[in-house]
Amino acid sequence: MQTSFTLAQLADADTRDADKILRTCVHCGFCNATCPTFALLGDELDGPRGRIYLIKDMLEHDRAPTRRVVLHIDRCLSCLACMTTCPSGVNYMHLVDQARHRIERSYRRPWSERQLRRLLAAVLPRPTLFRAALFGAALLRPVRALLPGRLARLAALAPARPPAPSPLYGGYVFPAEGPRKLRVALLAVCAQQVLAPRIDEATIRLLTRHGCEVVLAKGAACCGSLTHHMGKDSRAMMRANIDAWTRELEAGGLDAVVVNVSGCGTTVKEYGYLLREDKAYAAKAARISALARDVTEVLARLGLRAAARPTGQRVAYHAACSLQHGQRVLAEPKALLTQAGFAVQDVAEGHLCCGSAGTYNMLEPKLADALRSRKLGNIASTKPEVVAAGNIGCINQLADGSGVPVVHTVELLDWATGGPVPEPMRGSIAGG
Ligand code: SF4
Ligand code: SF4
């Protein structure tokens with residue numbers, strides 16, 4: 001694709017990068033074939049190629065974003081299916097992130113939308129505030145039909161009874177069982193700490209059982225993913241994590257920074273890119289990104305222990321977009337589940353997003369619901385006894401309506417190798 005940025009525009013690192021990305025695109029349109037919003041809406045501007053043209057026009061002409069541009073960019077899930085499909089290697093993620101940041105800086109949204117976005121950005125990265133908000137939402141659930149649109153949506157998405165806080169997060173070092181093979185830092189993801197601390201508990205049991213010393217680094221907190229994808233400057237959060245993990249790296253050594261929420265893992269793997277122009281942090285950020293691993297990548301490297309109990313359940317594996325498209329980790333979770341004795345079922349249209357996508361199901365509820373229904377239909381056709389996924393957003397999105405327990409992959413692996421029955425499976429499955 002030809003571009004026409006001026007030399008003055010190209011003095012800016014982001015614009016140079018956008019120019020490079022745009023020139024890679026040969027506008028073949030293959031990406032439209034796997035784009036969920038194009039599949040639902042059939043509008044060229046709701047597919048990646050159309051969005052690329054909109055972004056190109058906005059950046060080249062230094063135009064303020066119009067309502068039309070914002071509408072089509074907002075509808076994008078950042079699922080990155082288009083990146084997996086693109087034969088030319090177009091980095092759509094970096095391009096759409098630039099567009100979102102420009103929109104955030106220079107487009108004035110309606111008042112109610114501004115307040116909703118502010119609320120989400122303030123609450124979600126802070127576990128204490130998020131827990132308090134969930135209790136408030138739980139109180140409102142019985143009268144949610146009376147609430148105005150978006151508030152009703154938030155109340156409906158909140159769990160009826162948020163789980164109790166886990167003592168786990170007061171810990172620092174969790175020693176390896178037997179000889180130590182690896183020393184890893186685990187990112188305790190902010191929203192997951194509140195919504196499903198059982199997943200971090202299972203992760204720590206599983207990793208320590210397989211010879212990992214696990215550290216919850218002091219000072220590590222939200223990775224910045226949710227707010228970054230809302231177009232907000234999240235680099236302060238990223239720097240705080242980089243500092244925390246660098247301290248651990250220098251004090252005791254680290255073999256990996258482990259993430260068990262794939263949306264967050266994708267962002268930590270991008271720290272090096274996102275801070276490339278920050279002289280004080282560029283090298284440290286690149287080092288942390290090089291250490292970042294999805295939990296299943298680490299387990300695949302360690303080799304899974306033989307199952308400690310009979311398994312064999314039919315597991316529908318839902319590949320979270322951020323894991324399969326963002327990190328290109330697709331084989332490891334399925335291979336580990338198979339090794340643990342589960343009968344892993346592929347879900348039809350597995351490339352399509354379930355509609356969760358960070359804050360998407362709160363900001364674009366109609367499209368999110370349509371994708372959720374389509375995903376649940378595809379899952380049901382595998383007749384599973386349980387659904388496994390590697391991202392808390394997907395787990396929450398699918399849990400209500402799947403008719404079977406929806407758990408994190410590590411919960412099944414933990415159970416198979418000696419841990420307790422995953423809480424959502426208790427009483428619903430043989431052996432539970
Ligand atoms: S598939 Fe790649 S090269 Fe083709 S239009 Fe889409 S982004 Fe451009
Ligand atoms: S990120 Fe997903 S929704 Fe957005 S353009 Fe690409 S395929 Fe479509």
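Just follow the structure's listing: the first ligand is 1, and inside any ligand the first atom is 1.
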When distances are taken from atom 5 (S) of ligand 1, the protein heavy atom at minimum range is Gly29 N, 3.2 Å
Do Asn378 and Glu349 pair up side chain to side chain, a donor and an acceptor below 3.5 Å, judged on atom types alone? yes
Any atoms of ligand 1 less than 4.0 Å from a non-hydrogen atom of Pro87? List them with their elements. 1 (S)
Which residue owns the protein heavy atom closest to atom 4 (Fe) of ligand 1, what's the atom, and how far is it? Cys28 SG, 2.3 Å
Taking 2.8 Å as the cut-off, does Cys82 contribute an N, O or S atom near atom 2 (Fe) of ligand 2, distance below it? no
What protein heavy atom is closest to atom 2 (Fe) of ligand 2, reported as residue, atom name and distance in Å? Cys79 SG, 2.3 Å
Protein residue, atom and distance nearest to atom 3 (S) of ligand 1, heavy-atom basis: Val26 N, 3.3 Å
Side-chain donor-acceptor contact under 3.5 Å, Asn260 with Gln192: yes
In the protein, which heavy atom is nearest to atom 8 (Fe) of ligand 1, and how far is it? Cys25 SG, 2.4 Å
Distance under 4.0 Å to a non-hydrogen atom of Cys86: what atoms of ligand 1 satisfy this? 1 (S), 2 (Fe), 3 (S), 7 (S)
Distance filter under 4.0 Å to Ser88 heavy atoms, resulting ligand 1 atoms: 3 (S)
Under 4.0 Å, heavy-atom basis, I'd like to know which part of Tyr92 is in contact with ligand 2: side chain, backbone, both or neither. side chain
Lys/Arg N to Asp/Glu carboxylate O, Asp62 vs Arg102, below 4.0 Å: yes
Arg51: numbered ligand 2 atoms lying under 4.0 Å from its heavy atoms: 3 (S), 4 (Fe), 5 (S), 8 (Fe)
Short N-O contact, Asp14 and Arg276, less than 4.0 angstrom: yes
Below 4.0 angstrom, N of the basic side chain to O of the carboxylate: do Glu297 and Lys269 qualify? yes
If the cut-off is 4.0 Å to any non-hydrogen atom of Leu77, which atoms of ligand 2 fall inside it? 3 (S), 4 (Fe)
Hydrogens and angles aside, do Asp17 and Gln98 bring a side-chain donor and acceptor to less than 3.5 Å of each other? no
Any idea which part of Ser78 is under 4.0 Å from ligand 2, heavy-atom wise: side chain, backbone, both or neither? backbone
May I ask you to check whether Ser322 and Thr266 show a side-chain donor-acceptor distance below 3.5 Å? no
Side chain, backbone, both or neither: which part of Ile52 comes within less than 4.0 Å of ligand 1 when only heavy atoms are counted? side chain
Salt bridge or not for Arg183 and Asp255, using N-O below 4.0 Å? no
Within a distance under 4.0 Å of any heavy atom of Leu80, pick out the atoms of ligand 2 and give their elements. 1 (S), 2 (Fe)
protein heavy-atom neighbour closest to atom 6 (Fe) of ligand 1 works out as Cys31 SG, 2.3 Å
Hey, does the Lys NZ or Arg CZ of Lys56 hover above the aromatic six-ring of Tyr53, less than 6.0 Å from the centre and inside 45° of the axis? no
Checking Thr24 against Ser88: is there a side-chain donor and acceptor pair closer than 3.5 Å? no
Would a line drawn from the ring center of His228 to the ring center of His101 be shorter than 6.0 Å? yes
Of all the atoms in ligand 2, which lie at a distance below 4.0 Å from a heavy atom belonging to Pro48? 5 (S)
Could you confirm whether His27 has any N/O/S atom lying under 2.8 Å from atom 2 (Fe) of ligand 1? no
